[in-house]
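One structure is given below, encoded as structure tokens.
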Amino acid sequence: MDKFAEAFKATIAVFHGIIATWLFLEFSDTKVTEFYFVILLVFFTVANIYVWRLLIAVPRRLYAKTVNEGSAAAALPAAGGLAATFYRPGEIIGLTVVAFAVGLCAAYLQNKQVVLRTANLVIDWQRSDARSPFYLMLTHVSTHTMQMLDARTPDAVAAAKGSAYLRVFMKDMKYVYEGYPGWVPGRLDPQEVILTPACRLLYDPNDATKIVAVQPIEGPGAYLNLSLAASIEIIDAQNACRKQP
């Protein structure tokens, strides 16, 4: 019976660890290998238990100190392993809430680069951001915060006002598309984008740098698979496509 109880406790703990791990990966758009997934699962499983135990222990100790009831303090679970936690229905619900909170908080800290910045205080990794340059580009262009990446002179950065367009050169070089990325994917699948509004540019076949025609897309925009793009230019929003009626 004791072995069954211990197995049940371990199963409940791992289940809540899976919840926290899934929320972290989902909301931080983090892609990991099976090995790192197991590490995260162990981390969140242990974190959930000790956060829940802390939430239980602190009020009890404060109450015991206030009313001077040594029995209340003695009734606290010892700071041991899984066996010290009793999984009654109320505790299961509480642990579920903790798993959601821990997973979402960890995703928030990951998105804010807290772990990377803290690590850089200990040792210089020479990494300014954990996200890929491609993802950063799409994010800042779509949110009109391109000044975060713009390394031009201060006057040019101020004039751009954080707005930018993308000019996408397809590999077959038949068409070049230009527009604002109105919808961009997450980090897990960053190869697709919708430009809206968008234009189709035609270049002089004898001069690859000369635009000979700008054709507005007859509709909301253009869907592009960026895995088929030869190159992508980041240009100021005040361009030929934007000036079209």
Side-chain angles (χ1 to χ4, degrees), residues 21-37 40 104 107-108 110-113 116 127-152 156-157 160-245:
T21 303
W22 172 76
L23 288 171
F24 169 75
L25 296 176
E26 182 70 18
F27 285 93
S28 66
D29 279 339
T30 301
K31 188 175 182 179
V32 297
T33 63
E34 291 83 356
F35 175 73
Y36 286 109
F37 179 84
L40 286 174
L104 293 176
Y108 175 82
Q110 174 69 6
N111 290 334
K112 294 298 182 180
Q113 308 297 313
L116 179 61
R127 293 177 60 190
S128 57
D129 203 294
R131 295 166 292 183
S132 68
F134 181 82
Y135 179 81
L136 283 174
M137 176 194 69
L138 288 180
T139 300
H140 286 298
V141 172
S142 63
T143 57
H144 301 282
T145 55
M146 198 59 206
Q147 71 273 9
M148 302 293 293
L149 299 180
D150 199 337
R152 295 180 294 180
V157 174
K161 298 180 180 180
S163 297
Y165 267 25
L166 297 182
R167 182 174 291 167
V168 182
F169 294 80
M170 306 308 291
K171 290 180 179 179
D172 56 17
M173 292 306 293
K174 292 182 179 180
Y175 296 108
V176 177
Y177 292 94
E178 183 178 294
Y180 169 71
W183 179 89
V184 296
R187 291 186 230 175
L188 300 183
D189 187 19
Q191 299 301 314
E192 300 173 337
V193 66
I194 295 176
L195 301 182
T196 174
C199 286
R200 185 185 305 109
L201 308 183
L202 300 180
Y203 278 75
D204 188 337
N206 299 320
D207 186 355
T209 64
K210 183 179 180 180
I211 300 175
V212 296
V214 178
Q215 302 173 344
I217 300 296
E218 298 177 354
Y223 161 85
L224 299 178
N225 186 337
L226 296 182
S227 64
L228 303 177
S231 64
I232 301 174
E233 294 180 354
I234 307 171
I235 58 179
D236 289 328
Q238 297 300 328
N239 54 68
C241 183
R242 188 64 174 272
K243 294 177 182 178
Q244 294 297 315

Starting from the C-alpha separation in whole Å, work towards a yes-or-no answer on salt bridge (charged side-chain N to carboxylate O under 4.0 Å, His left out) for D236 and R152. CA-CA 12 Å; D236 289 328; R152 295 180 294 180; 3.0 Å; yes

Checking Y177 against L166 for the side-chain contact (heavy atoms from CB on, under 4.5 Å) test, could you report, in this order, the C-alpha distance in whole Å, the side-chain angles of both residues, the deciding distance, and whether it holds? CA-CA 8 Å; Y177 292 94; L166 297 182; over 6 Å; no

Before you tell me yes or no, could you show the steps for L201 and V212 under side-chain contact (heavy atoms from CB on, under 4.5 Å), namely the whole-Å CA-CA distance, both residues' side-chain angles and the distance that decides it to 0.1 Å? CA-CA 8 Å; L201 308 183; V212 296; over 6 Å; no

Checking side-chain contact (heavy atoms from CB on, under 4.5 Å) for the pair V176/V168: CA distance, chi angles, key distance, verdict? CA-CA 6 Å; V176 177; V168 182; 6.0 Å; no

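Counted within 6.0 Å of OH on Y108, heavy atoms from surrounding residues, nucleotides or ligands total 12 or fewer; the atom is thus considered open.
Between E192 and L226, every side-chain heavy-atom pair lies at or beyond the 4.5 Å cut-off. Between M137 and I232, the closest side-chain pair of non-hydrogen atoms falls below 4.5 Å. Counting only heavy atoms from C-beta outward, the side chains of P181 and L195 approach each other to under 4.5 Å. Residues T143 and M148 are not in side-chain contact: their nearest non-hydrogen atoms beyond the backbone lie 4.5 Å or more apart.
Panel note: side chain S163, backbone H144; no donor-acceptor pair is recorded below 3.5 Å. Distance alone, capped at 3.5 Å, places no donor-acceptor pair between the K171 side chain and the S231 backbone.
A distance of 12.5 Å separates CD in Q215 from CD in E178, rounded to the nearest 0.5 Å. Rounding to the nearest 0.5 Å places CG of L224 at 9.5 Å from CD1 of I194. Here the CG atom belonging to D150 is positioned 8.5 Å from the CD1 atom belonging to I234, to the nearest 0.5 angstrom. How far OG1 of T139 is from CE of M146: 10.5 Å, rounded to the nearest 0.5 Å. Between C199 atom SG and I211 atom CD1 the span is 10.0 Å, to the nearest 0.5 Å.
Residues A198 and A222 share a closest heavy-atom pair of CB-N, 4.0 Å. Of all heavy-atom pairs spanning S28 and Q110, the tightest one is CB-CG, 3.8 Å.
With sequence neighbours excluded, the residues satisfying ring pair (Phe, Tyr, Trp, His ring centres under 6.0 Å) with F24 are F44.
Ring pair Y165/Y180 is tilted by interplanar angle, where 30° to 60° counts as tilted.
Ring pair F169/Y203: centre-to-centre distance below 6.0 Å.
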